[in-house]
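Notes follow the structure.
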Amino acid sequence: MKPIFNKAPLTPNTLSPLPMGSIHPEDWLLDEIRAQAEGITRDFASVCPEADESGEWKRGADGDLTRAPYYLEGIIALGWTLGNEEYKNRATRMVEWMLASQREDGWFGPEDNDDYWPLMLALRSLRSYFTASNDKRVLVLMDRFFKYEYKNLSDHPLKEWAVARGAENMEIALWLYNITGQKYLIELCRKLKEQTIDWPNFFHTFSNAMPMSKSLRWERLREALGEEKDEPLEGIKRPYFHSQFHQTQGVNLAFGLKAPGVINLFKSGFKEQGGFRFGWEKLMKHHGTANGMFSCDSHLNGANPTQGNSLQAIVELMNTLETLIGIGDFGPEPSDILEKLAYNALPAAFTPDMKRYQRIQQTNQVKISADRRKWYSEDDGANLFRTAQNDLDCAACHQAWPKFASSLWYATNDGGLAAVSYAPCTVRAVLDGVPARIRVSGGYPFTQNVEINVSVKQSAEFPLYLRIPFWARQSMIYLPDGEIMQVRANESACIRRKWSAGDVVRLEMPAVPRISRWYHQSGAVEVGPLLMALRPEVSWTETEDGLCASTADAWNRALVRDEPMKLIQIEEDISAFGHGESAVGVMVKAAKIDWPMDGANCAPVPMVPKLSRSALDILELTPYGESPLRIVEFPIGVLRDEPSAEKN
């Protein structure tokens, strides 16, 4: 099917996602996604009744109705990205059940459900299924459901999670409008906006600069929610404590960052156009950690690198970024943030065999255990690496890798393709009326030299847009005819030409180690989109609740200010994220300092410690995504003036 672009009167977009299955991962990325398909995705299906072979959408034993649509979204992405017939067939059975469940009035899903939120998740899955299969019955179901909403929202309003995440509903309705042109869908979105948390205004004013543990203790919030139990977040009702809960909950914020951009499509204004940028800058200023995420354990809780980052929030933030890239012009930041999450926080949350995952990770993480931590509302076991048998919440998280692979390239409104990230893959599309194949190789992000091979059945003219990340100074593009282009960082270079089979474009993006600044004037070492970590030797311990880890190595090191750093790279046989020797390393000068433990965490980062020359050492840092125990946000110290030894 053809890419779908915005119809008037919606704000125009220049990029659109390619249909599911258009991009096939290669090399290290293929290994990662295959491991997930055979790991936690398969394990979940074997232990969760909501994902059985029948395809029926079942309620969990705990009453949950979201695991089935979350799981469906992941296996659609896996099935068509990998060409995996088992997952394709399983997904088709689940979709068939959903299609058959629709009532005469347009509502669908399990009979005992009246909550919109599980259906919003189902709509996301159904859209992916349509782009992969072109099954037009999906459009019929959506149209009938949206007409139900249009007629009944006043009497059957959004409630709780749906109020916080209503932009998911709006975005799918506008996607359907771009196919059918039915004006009622825009009016429906205006109604949905009125019942959704006002995220554009929330991010514009942003009153949650303090950690929630200081501004509203969890014990008090939990008590207050009980007091307000007869006043839920519903329709346009905004009871105070329910609003505080939803506006500071990490996964809701990941969803909420999408809302200004979605609303901007039909109500364009200052707060809508700039909403993502306003929100992101404030979240990272007050709650950001070096792995590219804001703290959420499970609510906003400050910028200390021992606060937790929720895997589900990471996954949904990636979804938000992939959506924003495809619906409008929100600058280069969404692509840069997406890369940082995908190449750091996401792989760090899984074991290399992809059979276990960590629901809450820490940027500075020197022990993995069920010990009590200074988190807001997460349980003590959230830090463990667990299997699907231990924790069914993995259903919400297994979509991230295959959906990221499907978002590496986008279609452009002038008939070309645009690169978002250069992970190894093959893209298939019809360009200038000719079937084309674009193969990307080179081992990115572990190397910064990319080769793009173009194959076409016959000569065809179309543009390729190559994104140059913010860190890639003095990048060079080598064209098939020998021409060389020097391009600036943070821009996209357009290569418009008549392409022939065998044409090759080479992209060189020089990357040097750099220091970014974080909590307590700490510094993190970054190379390209990779975050680097001090990785001590790990001792693993299996418990009945999950996998724990500890170390006997010294991790309490400070980097020496203004010292040069040396980059080490492996150019061939690249292994990613714990599957072999580290492909990237950075040598740094550091010193051991007095930096103790604080319970199960390292203590807050010391500020500008004085360093002794006798304690200096050279350390090798490795990628964050393959470092289960790590120090990332380092104290940046200065050498102490020490008297020279007296001469005899």
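Sequential numbering from 1 along the given sequence is applied to the chain's residues.
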Is the shortest distance from a Lys or Arg side-chain nitrogen in [X] or [Y] to a carboxylate oxygen in the other one below 4.0 Å?
X      : Y      : result
Arg535 : Asp553 : no
Lys403 : Glu73  : yes
Lys374 : Asp598 : yes
Lys592 : Asp617 : no
Glu451 : Arg506 : no

If we ignore angles and hydrogens, is there a donor and acceptor under 3.5 Å between the side chains of [X] and [Y]?
X      : Y      : answer
Thr363 : Glu633 : no
Thr551 : Glu537 : no
Thr41  : Gln36  : yes
Ser421 : Tyr343 : yes
Glu26  : Ser441 : no
Thr447 : Asn449 : no

Any donor and acceptor pair, going by atom type alone, linking the side chain of [X] with main-chain N or O of [Y] inside 3.5 Å?
X      : Y      : result
Asn453 : Ile438 : no
Ser310 : Ser298 : no
Asn344 : Leu531 : yes
Ser582 : Gly585 : no
Gln448 : Met509 : no
His24  : Cys425 : no
Asn556 : Ile593 : yes
Tyr410 : Glu322 : yes
Asn291 : Pro305 : no
Asn364 : Val632 : yes

Which pair of non-hydrogen atoms, one from [X] and one from [Y], has the smallest distance, and what is that distance?
X      : Y      : result
Ala558 : Leu611 : CB-CD2, 3.9 Å
Ala313 : Cys296 : CB-SG, 3.7 Å
Ala349 : Leu311 : CB-CD1, 3.6 Å
Gly302 : His287 : N-ND1, 2.9 Å
Cys602 : Thr306 : O-CG2, 3.5 Å
Tyr87  : Gly79  : CB-CA, 3.9 Å

**Prompt:** Does the side chain to side chain contact (heavy atoms under 4.5 Å, CB included) test come out yes or no for Leu341 and Leu321, once each step is laid out?
**Reply:** CA-CA 10 Å; Leu341 292 171; Leu321 297 164; 3.9 Å; yes
Would you say the side chain of [Y] lies within less than 4.5 Å of the side chain of [X], judging by non-hydrogen atoms?
X      : Y      : value
Leu257 : Leu324 : no
Met318 : Gln399 : no
Ile618 : Lys566 : no
Pro424 : Val440 : no
Gln307 : Trp375 : yes
Leu317 : Trp280 : yes
Asn383 : Lys367 : no
Ile515 : Met565 : yes

Separation of [Y] [atom2] from [X] [atom1] (nearest 0.5 Å):
X      : Y      : atom1 : atom2 : answer
Leu18  : Leu408 : CG    : CG    : 10.0 Å
Asn601 : Ser369 : CG    : OG    : 8.0 Å
Thr289 : Trp518 : OG1   : CH2   : 7.0 Å
His520 : Ile636 : NE2   : CD1   : 14.5 Å
Phe634 : Arg557 : CZ    : CZ    : 9.5 Å
Leu534 : Arg630 : CG    : CZ    : 12.0 Å

Does [X], at its [atom1] atom, have more than 12 non-hydrogen atoms belonging to other residues, nucleotides or ligands within less than 6.0 Å?
X      : atom1 : answer
Arg514 : CZ    : yes
Glu581 : CD    : no
Arg437 : CZ    : no
Glu620 : CD    : yes
Arg34  : CZ    : no

**Request:** Using the six-membered ring wherever Trp is involved, compare the ring planes of Tyr444 and Trp471 and label them parallel, tilted or perpendicular (cut-offs 30° and 60°).
**Result:**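 The rings of Tyr444 and Trp471 lie parallel, inter-plane angle below 30°.
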**Request:** Give the intermediate values and the outcome of side chain to side chain contact (heavy atoms under 4.5 Å, CB included) for residues Phe44 and Ile75.
**Result:** CA-CA 11 Å; Phe44 178 85; Ile75 61 172; over 6 Å; no
**Request:** Decide yes or no on side chain to side chain contact (heavy atoms under 4.5 Å, CB included) for Ile368 and Val538, but give the supporting numbers first.
**Result:** CA-CA 10 Å; Ile368 297 169; Val538 178; over 6 Å; no
**Asked** Does the ring centre of Trp28 sit less than 6.0 Å away from the ring centre of Phe446?
**Response**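 Between Phe446 and Trp28, the centre distance is under 6.0 Å.
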**Request:** Evaluate side chain to side chain donor-acceptor pair (under 3.5 Å) for Thr351 paired with Asp353, printing each intermediate quantity in order.
**Result:** CA-CA 5 Å; Thr351 53; Asp353 62 4; 2.7 Å; yes
**Request:** Verify side chain to side chain contact (heavy atoms under 4.5 Å, CB included) between Leu300 and Leu283, making sure each step is shown before the conclusion.
**Result:** CA-CA 9 Å; Leu300 293 175; Leu283 284 168; 3.8 Å; yes
